[in-house]
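Report on the following structure.
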Amino acid sequence: MGPRVAVRAVIVRGGRLLIVNAYPGDQSDLWCAPGGGVERGRSLPENLMREVHEETGIAIRVGAPCLVNEFHDPESGFHQVDVYFRAQVVAMPKGDDWTDPEGVVNRRRWVTESALRALRFKPDSLPDVAF
């Protein structure tokens, strides 16, 4: 079996980047761009629109790819390739009470470059691409 393919959105609005914490509860302090695994039979942009909406309630317009990141852990065999796309907000959910129906994302926030650099995030090149 080949690497898992995932898509992620780089959404900057008002000088702030949207990031999510995709771990149950408050178990991790690791942040990333919203997105997730690709379902066969759907384009990468279609998958990204679905993933971002599931995780954040935000509807997006997908733009151009801006980063490809590969993670491989030889010990566990986990191998993932993330394709990052620039994206724009089309519609925001009403209120701040949106919850991920799958329970993957537990927190989301909009951060400035300096706030992002003060957090633990992946990939390391995210602020360079976003800002």
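All heavy atoms count here, side chains included; hydrogens, waters and symmetry mates do not.
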Rounded distance (nearest 0.5 Å) linking atom [atom1] of [X] with atom [atom2] of [Y]:
X: Arg107; Y: Asp29; atom1: CZ; atom2: CG; value: 8.0 Å
X: Phe85; Y: Arg8; atom1: CZ; atom2: CZ; value: 12.5 Å
X: Leu17; Y: Trp31; atom1: CG; atom2: CH2; value: 11.5 Å

- request: Please identify each residue that fulfils side-chain hydrogen bond (donor to acceptor under 3.5 Å, both in side chains) with Arg109, with sequence neighbours left out.
  value: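 If we apply the side-chain hydrogen bond (donor to acceptor under 3.5 Å, both in side chains) test to Arg109, skipping adjacent residues, there are no hits.
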
message: Please enumerate all residues that pass side-chain hydrogen bond (donor to acceptor under 3.5 Å, both in side chains) together with Glu54, with sequence neighbours excluded.
response: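 Counting only residues at least two positions away or on another chain, Glu54 forms no side-chain hydrogen bond (donor to acceptor under 3.5 Å, both in side chains).
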
message: Checking the side chain of Arg108 only, and the main-chain atoms of Val20 only, is there a donor and an acceptor separated by less than 3.5 Å?
response: no

- request: Without swapping roles, check the side chain of Glu46 against the backbone of Ser43 for a donor-acceptor pair under 3.5 Å.
  value: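 Checked: pair present.
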
Under 3.5 Å, which donor-acceptor pairs do the side chains of residues 57-71 form with other protein atoms, sequence neighbours left out?
unit_1, atom_1, unit_2, atom_2, d
Arg61, NH1, Gln88, OE1, 3.1
Glu70, OE2, His79, NE2, 2.5

message: So, using side-chain contact (heavy atoms from CB on, under 4.5 Å) as the criterion, who are the partners of Ser114 when residues are at least two apart?
response: Thr112

task: Show your working on side chain to side chain contact (heavy atoms under 4.5 Å, CB included) between Val38 and Leu44 and close with a plain yes or no.
output: CA-CA 7 Å; Val38 169; Leu44 296 181; 3.7 Å; yes

Within-4.5 Å side-chain heavy-atom neighbours: Ile11 and Val89: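 In short, these two side chains touch, coming nearer than 4.5 Å.
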
Sequence neighbours excluded and cut-off under 3.5 Å, please list the side-chain donor-acceptor pairs for residues 123-131, or say none.
unit_1, atom_1, unit_2, atom_2, d
Asp124, OD1, Lys122, NZ, 3.1
Asp128, OD1, Arg117, NH2, 3.0

Pair listing, salt bridge (Lys or Arg N to Asp or Glu O under 4.0 Å) test, anchored in residues 32-42, at least two apart: Glu39-Arg42, Glu39-Arg50

